[in-house]
K.L.:
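Right, I'll just put the structure down here and ask away after.
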Protein chains: 2
Amino acid sequence: MKSIVKDLTHERILNAAESLFALHGYDGATMRQITEKAAVNLSAVNYHFDTKEKLYAETFTRIIRPLNAERLTILTQAELLAGDHPVPLPAILESFIRPTFMLAAGRPQFLALMSRNFSAPPPFMREIMAAEFSAISQRYIRALQHALPGVPPMELFWRMFYTVGALLFTAAHRETMALLSHGAIQSPDTESIIRRLVDYASAAMCAPRREPAMS
Amino acid sequence: MKSIVKDLTHERILNAAESLFALHGYDGATMRQITEKAAVNLSAVNYHFDTKEKLYAETFTRIIRPLNAERLTILTQAELLAGDHPVPLPAILESFIRPTFMLAAGRPQFLALMSRNFSAPPPFMREIMAAEFSAISQRYIRALQHALPGVPPMELFWRMFYTVGALLFTAAHRETMALLSHGAIQSPDTESIIRRLVDYASAAMCAPRREPAMS
DNA sequence: AATCGTTTCATACATTTGTTTGAGTTATGA
DNA sequence: TCATAACTCAAACAAATGTATGAAACGATT
């Protein structure tokens with residue numbers, strides 16, 4: 001019978017999968033690597049998750065669902081606090097960015113998996129991701145429209161898109177950055193990262209729209 | 001003997017590899033898919049490139065080298081034009097962004113391969129990429145320091161990093177965006193993309209630095 | 001204690017993987 | 001023309017892949 005407490009094997013597999021999928025991608029991580037790292041029998045994955053694809057999907061939704069829930073919670077709080085006024089832009093952005101790094105605390109591969117899955121998702125993940133982000137994207141676009149009524153909605157959409165790109169890229173390379181920077185950059189603490197990203201995105205979101213080049 | 005004109009097989013393999021590595025990643029694309037798409041014998045890859053890893057490396061350097069060369073060319077032109085003055089920020093950014101989309105014209109998977117290789121590079125690519133981007137990153141940081149003397153160099157480094165993230169994310173999802181946008185977004189033309197990105201990044205690069213949160 | 005659903009395990013399976021082989025073909029240069 | 005280098009090809013290789021199987025061990029409820 002299904003036990004009340006979470007199945008240990010189930011959890012161990014998910015943890016190993018999170019780390020290995022993040023490191024090597026869906027195709028690069030093998031069932032044997034995963035089960036070995038989880039100290040679990042090879043067949044356990046097929047027993048608990050049926051297929052490798054379903055394991056990957058569960059590994060990803062396990063990280064993305066609480067993340068998006070937390071984002072909406074904070075954004076909702078900010079909206080309540082703002083009352084009739086629009087939520088200030090930096091607050092909107094921070095509600096999106098901060099949970100990313102908070103939930104990643106103590107899980108070294110959390111960010112890498114997220115980033116990889118967005119930039120190079122396995123084909124079977126497309127629908128799943130669209131479903132997971134449908135609500136979120138609508139909520140944020142709406143909040144941004146209130147905060148920046150002067151910026152056309154389509155422009156807002158694109159800029160939020162860029163911001164997600166900046167966030168994910170940072171997430172993916174947080175540790176491997178020293179290489180490109182010739183040692184000038186030391187890995188900064190979480191709060192600095194958040195502040196830097198929010199500052200960057202806040203300025204970018206309300207950029208003036210340049211006139212199209214013309215004669 | 002090595003013929004003067006480029007070997008046809010060599011080229012066909014690289015073209016097929018570019019498209020398939022972009023679509024499925026290093027592990028996801030198989031030699032058989034590649035040789036089949038190239039209409040070439042399976043062994044041809046090993047004959048011409050020795051191993052799959054070296055094929056991947058060549059596929060990537062073939063797109064990244066002309067790209068970075070073009071960037072430096074345009075940046076140098078802008079510097080000459082500016083004389084003693086610093087190159088204006090939007091010009092710096094455009095010299096970085098525009099060649100990306102120009103060289104991608106007519107090569108549907110150019111951008112996807114670039115993006116994938118940055119966000120989830122196969123392990124053996126790390127050194128190669130560091131080598132390819134060493135010169136570029138130094139040149140751009142210097143130009144940015146001149147254009148924005150008020151912003152600390154480390155801040156500039158990070159913001160340029162974010163900008164690259166925004167660029168690559170856009171590159172990866174240029175076609176698959178309609179999904180998340182609920183049909184509200186139609187794929188825009190190249191000039192619009194460039195202008196939007198430059199506007200976004202120009203505002204972001206010179207963002208004011210918020211005071212650290214304190215008591 | 002006996003039973004039955006659940007979970008583990010070692011082993012095996014059929015495919016697919018990148019690479020190798022060696023004979024064949026084509027082209028080049030003397 | 002002939003010898004040699006460059007290239008192509010079909011076939012085969014060992015290794016690794018995801019998954020399936022069936023027996024054993026476990027655990028709770030009767």
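Note that the structure is predicted; figures quoted are calculated from it, not measured. In what follows, every chain begins at residue 1, and chains take the letters A, B, ... in the order their sequences are listed.
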K.L.:
Grab the CE-P distance between A:Met31 and C:dA12 for me, whole Å please.
P.N.:
21 Å
K.L.:
A:Leu8 CG to D:dC26 P: how many Å, rounded?
P.N.:
16 Å
K.L.:
Looking only at non-hydrogen atoms, find the nearest pair between A:Ala91 and A:Val87 and report the distance.
P.N.:
CB-CG1, 3.7 Å
K.L.:
Closest approach to the side chain of A:Thr9, judged atom by atom: which nucleotide of D:dT19, C:dT19, C:dT8 is it?
P.N.:
C:dT8
K.L.:
Between atom CG in A:Asn41 and atom C1' in D:dA24, what is the gap in whole Å?
P.N.:
12 Å
K.L.:
For the pair made of CG in B:Asn46 and C1' in C:dT17, what is the distance, rounded to whole Å?
P.N.:
12 Å
K.L.:
Please report the distance, rounded to the nearest Å, between CD in B:Glu36 and P in D:dC9.
P.N.:
14 Å
K.L.:
Would A:Arg139 and A:Asn68 count as having a side-chain donor-acceptor pair, cut-off 3.5 Å?
P.N.:
no
K.L.:
With a 3.5 Å cut-off and just heavy-atom distances, do the side chain of B:Ser43 and the base of C:dT20 make a donor-acceptor pair?
P.N.:
yes
K.L.:
Please report, rounded to the nearest Å, how far the P atom of C:dG5 is from the OH atom of A:Tyr47.
P.N.:
12 Å
K.L.:
Return the CG to CD distance between B:Asn117 and B:Glu132, rounded to the nearest 0.5 Å.
P.N.:
10.5 Å
K.L.:
Among D:dT17, D:dT8, C:dG18, find the nucleotide with the atom closest to the side chain of B:Thr30.
P.N.:
C:dG18
K.L.:
Check the distance between C:dT7's P and A:His10's NE2 and give it to me in whole angstrom.
P.N.:
10 Å
K.L.:
Quick one: B:His48 NE2 to D:dA6 P, roughly how many Å, whole number?
P.N.:
12 Å
K.L.:
Within 45 degrees of the ring normal and closer than 6.0 Å to the centroid, is that where the cationic atom of B:Arg159 sits relative to A:Tyr200?
P.N.:
no
